[in-house]
Amino acid sequence: MEVVSPINGCSGDTAGRVIICKAAVAWGPGEPLVIEQVRVDPPQKMEVRVKILFTSICHTDLSAWKGENESQRAYPRIFGHEAAGIVESVGEGVTEVAAGDHVIPLFHGECGTCRCCKNPKTNACEVMGVNPMKRTMTHDGKTRFTTADERRLPIFHFLNTSTFSEFTVLESACVVKIDSEAPMKKMTLLSCGLSTGVGAAWNTVNVEAGSTVAIFGLGAVGLAVAEGARARGASKIIGVDINPLKSIVGKQFGITDFINPRDSNNPVHEIIVEKTNGGVDYSFECVGNGEILRSAFLSTHIGWGTTVMLGVHTSPKMLPLHPMELFSGRKVVASVFGGFKGRTHMPQFAKQCIKGVVKLDEFITHQLPFHEINDAFQLLIDGKSLRCVLQF
């Protein structure tokens, strides 16, 4: 098979050829990512090859890079799942997108034909939903990445996307076309963090004007929840975080009250119940910690309070709730990708973001060239960035 090394984007004559390009390869848990040349095969049946223009890092990438869940480890691997790019070529049977289309990848795909995709009550997909165990492509169980040296070692995929590569191959169900006039750098946010948080407020619980909200963990997802609640007119948005700087940052996204658990000997849920005359209408757990989940649950009002779980829980511990506590009328639900059906809802959501219904600029706190990706990881580890956008 012919090999080509495109110089300036999609050169127009790369379709059907192996592309050699730059990628950040993880060779082991916690090891610095290595920028090296990789081979990217052409897309096969129902696959799309995309030139990534911008990509960013979220805590899911960080957790996977650290190898926190041993059962999900696979090396060498190309991480990354927040990005925006241009379709370079498509495989057999792909009709939804074409070469030249502006797209964002979807870690939580939408096949459009399974029972879940046809049911408006869920954004789950039985075929292409998020699967951290998946490492290869569906068509033939093989990877589309290999090392560029004589070894030709397979490099595993990540979360249906693998965007830490100048070119990547995705299932067609995991890519969605957006308006060509949309600012691509900002559109990277819609691939995960912003959509997850805003969607949890809009789709999962439908925050109403005048309602009260508590958000546990003010990273990018938590602040996106705040932004979604602000856009819906919530009267009180309480942010909870152990980083005192988040009290300042949070105000940009609608946080009206801030609680640092380390500043009081009283349990956080008791403080919130007192502040809100019985508890908030909605709480959001964005950390992935069982104790915090329980605190979020107890901070909601009896009778109707709902807790939305957004954090990724890597601990084997079960839910920290007694079944009888649910008779209080409080509920716990989980939200994946903010309840958005990727290919159905993302084009319209992107238009809303462009119109300013929700803020985008404030989430991008840093910008770096792609080869400085390890510095971007460190910014996230140190709690200094919400989103660091990397440009190829």
Side-chain angles (χ1 to χ4, degrees), residues 1-44 47-57 61 64-65 67 72-91 99 103 105 107 132 134-171 174-175 188 191 368-377 389-392:
M1 186 176 293
E2 193 173 0
V3 180
V4 63
S5 298
I7 298 175
N8 296 312
C10 303
S11 63
D13 61 354
T14 54
R17 304 183 185 183
V18 172
I19 290 177
I20 294 181
C21 66
K22 295 182 297 183
V25 180
W27 289 93
E31 296 181 12
L33 301 180
V34 180
I35 303 295
E36 53 186 284
Q37 298 289 309
V38 300
R39 294 166 55 97
V40 185
D41 289 340
Q44 302 302 303
E47 295 174 1
V48 179
R49 189 161 61 182
V50 174
K51 175 175 175 54
I52 301 296
L53 301 181
F54 299 94
T55 188
S56 54
I57 304 168
D61 297 308
W65 169 70
Q72 297 175 8
R73 292 181 179 180
Y75 302 100
R77 199 170 201 178
I78 295 175
F79 292 121
H81 64 286
E82 285 190 348
I86 300 174
V87 174
E88 175 270 337
S89 61
V90 302
V103 295
F107 73 91
K134 186 180 178 185
R135 308 168 180 182
T136 57
M137 302 301 288
T138 300
H139 176 63
D140 56 7
K142 298 180 180 179
T143 70
R144 300 292 174 262
F145 300 113
T146 53
T147 59
D149 58 23
E150 65 279 357
R151 295 175 298 172
R152 296 287 192 271
L153 295 176
I155 303 174
F156 295 111
H157 295 254
F158 176 68
L159 289 187
N160 291 323
T161 49
S162 290
T163 62
F164 293 166
S165 176
E166 188 178 6
F167 285 84
T168 188
V169 177
L170 310 94
E171 316 281 358
C174 297
V175 64
T188 63
S191 288
L368 291 172
F370 178 69
H371 68 268
E372 295 183 18
I373 189 170
N374 287 301
D375 294 332
F377 265 83
V389 174
L390 302 166
Q391 182 173 4
F392 283 90

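The structure displayed is predicted, hence computed values, not measured ones.
Among residues two or more places apart in sequence or in another chain, the side-chain contact (heavy atoms from CB on, under 4.5 Å) test is passed with Ala84 by Ile104, Met184, Met187, Thr188. Every side chain to side chain donor-acceptor pair (under 3.5 Å) that His81 has, sequence neighbours left out, goes to Asp61. Residues passing the salt bridge (charged side-chain N to carboxylate O under 4.0 Å, His left out) test with Arg49, sequence neighbours excluded: Glu88. By the side chain to side chain donor-acceptor pair (under 3.5 Å) test, Ser56 pairs with Glu82, sequence neighbours left out. Arg151 is linked by a salt bridge (charged side-chain N to carboxylate O under 4.0 Å, His left out) to Asp149, counting only residues two or more places apart in sequence or in another chain.
Not a single donor-acceptor pair under 3.5 Å links the side chain of Thr163 to the backbone N or O of Thr161. Looking only at distances, a side-chain donor or acceptor of Arg73 sits under 3.5 Å from a matching main-chain atom of Gly67. Between the side chain of Ser162 and the backbone N or O of Thr168, no donor-acceptor pair lies under 3.5 Å. Side chain of His139 to backbone of Pro43: no donor-acceptor contact under 3.5 angstrom is found.
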- side chain to side chain contact (heavy atoms under 4.5 Å, CB included) between Val38 and Phe167: does it pass, once the steps are laid out? CA-CA 9 Å; Val38 300; Phe167 285 84; over 6 Å; no
- Query: When you look at Phe370 and Phe164, which way does the side chain to side chain contact (heavy atoms under 4.5 Å, CB included) test go after all the steps?
  - Reply: CA-CA 8 Å; Phe370 178 69; Phe164 293 166; 4.3 Å; yes
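Of the candidates Gln44, His157, Lys142, His157 is the only one forming a side chain to side chain contact (heavy atoms under 4.5 Å, CB included) with Met137.
Across Ser165 and Val40, no two heavy atoms sit closer than the pair OG-CG2, 4.4 Å. Contact between Phe156 and Ala74 at its shortest, heavy atoms only, is CD1-CB, 3.8 Å.
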I'd like a table of donor-acceptor pairs (distance under 3.5 Å, sequence neighbours excluded) in which one partner is a side-chain atom from residues 25-37, with atom names and distances.
| residue | atom | partner | partner atom | Å |
| --- | --- | --- | --- | --- |
| Trp27 | NE1 | Glu36 | OE2 | 2.9 |

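Rounding to the nearest 0.5 Å places CD1 of Ile78 at 12.0 Å from CZ of Phe158.
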